[in-house]
Amino acid sequence: MEWQVTVGMEIHAELRTKTKMFCNSKNDPDEKHQNVNVCPVCMGHPGTLPVINEEAVKSVQRAGLALGGEVQKFSRFDRKNYFYPDLPKGYQISQYKYPLVLGGVLNGVRITRAHLEEDAGKLMHDPNGKFSLVDFNRAGVPLMELVTEPDIKSAKEAKKFAEELQLVLQYLGASEANMEKGEMRCEANISVSKTSEKGVKVEVKNLNSFRAVERAIEYEVRRQIELLESGKKVIQETRGWDENKEITFSQRSKESAHDYRYFPEPDLPPMEFSDEYIEKLRATIPELPEQKRKRFTEEYGISADLVETLVSERSLAAFWEKVISELRDWMGEENPKKFLEAMKLAANYFTSDFLGLIKEKEISPDELLMSPENFAELIKMIYKKEITSRVAKDVLRVMVERGCDPSTIIESKGLKQVGDEVALLEIAKKIISENQKAVEDYKKGKQQSLQFLMGQVMRETKGASNPDKIKELLAKILG
Ligand code: MN
């Protein structure tokens, strides 16, 4: 029998609100100076009182609705008591018994619950182990915690789940969920077993990148299987992930809920939500990644790769849709076949040229200089065979670099490109046929005649081409 892998995830995401969870200190994940976004409330001074951030509550509820979960009509905060130097109050305001959301599903993985809590500060340890410093800017930042059922069967699935959740949170505007910045942090509960019996769960913490999620689960599965196959036992514990060594390591035996002495937070009122409120909130849910995937595939008939690129970069998707709507306006509804052809052309240039260019130039899709209207214009010119694909590629490069419209670029390029062999040859031939006398003189050995012909070509090209090149070309034609 094969080993069966069972993984459940616990994901924390910092919410993008203006202020913190229970006070009006700024919530700014990009703040570089330590301990500036703090106040007596988030520092846990005695006598202060927390106030619930409404936006944060809505964010978690909207996330719940987006995942098909059920927003609870009654919810409240609980105190989770533990000591740690990054936790100023000595307890975390969290939710235990009555979370904001129950249920839901994402990528076929059932969601157990989603609740709201506050983040802790950030500890920085002296490399020599002599002291630690703490930055409280993050203390009290609203944090959504989402827990899944143990429905995940592999490391890859776990990574995919986390990636999809990140996209959903971004679409909702609830969180940037940037893992590198610590805005989204994952933990995985991993067990392996052969029979229908459950394996022993090991929790792996500190998974701060999608790669870490995948690698840590792969490692942990291997470790547990090796233990069991050599007749040893897996102990229930919490392990950390060492990013550099790529191993998990034992941190502590797993604590249970009763260790935290949860009780209802006495400083905050319980919350009640009406059906009307919930339906109003539901109406604010935008098109979600999976819906966009479906629609883009059906509407545009583009490759799965391009669909994925567009779904994961909202600004690129918006750009694409504008290009297509321009092309549709241009083609009108009466010629669907032509419109499809133009769309296919657009998809080709988008994928093989445009995406490559912005990657090469490290341009963020949010900072594009080129407008979708101008890109559509270029596609029209290619479609109407006004320019060759060679020229189109050059023009597109300039458009991406400078953002001007294609006809302006082609006009200004038109002059410069007279230096181009083909165009020059044409002009040279024309000058030769118009100046037979000078040609004869040259053939008789009069070098000045060549100078004269050169001058004529120069004048025709408005002085844009290289004299040496012209001389060479004329001499070649005249033998
Ligand atoms: Mn938590």
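Counting convention: from 1, in listed order, for ligands and their atoms alike.
- The structure places NZ of Lys80 at 6.0 Å from CD of Glu117, a figure rounded to the nearest 0.5 Å.
- Distances from the Mn ion (ligand 1) under 2.8 Å pick out these protein N/O/S atoms: His12 NE2, Glu117 OE2, Glu145 OE1.
- Applying the ring-ring contact (aromatic ring centres under 6.0 Å, His included) test to every pair with at least one member in residues 268-292, sequence neighbours left out, gives these pairs: Phe273-Tyr277.
- Put simply, the side chain of Gln224 gets close to the backbone of Ile190: a donor and an acceptor are under 3.5 Å apart.
- The aromatic ring centroids of Tyr262 and Phe77 lie 6.0 Å or more from each other.
- With salt bridges taken as basic N to acidic carboxylate O contacts below 4.0 Å, none links Glu157 and Lys153.
- Listed here is the closest heavy atom pair of Met370 and Phe319: O-CE1, 3.4 Å.
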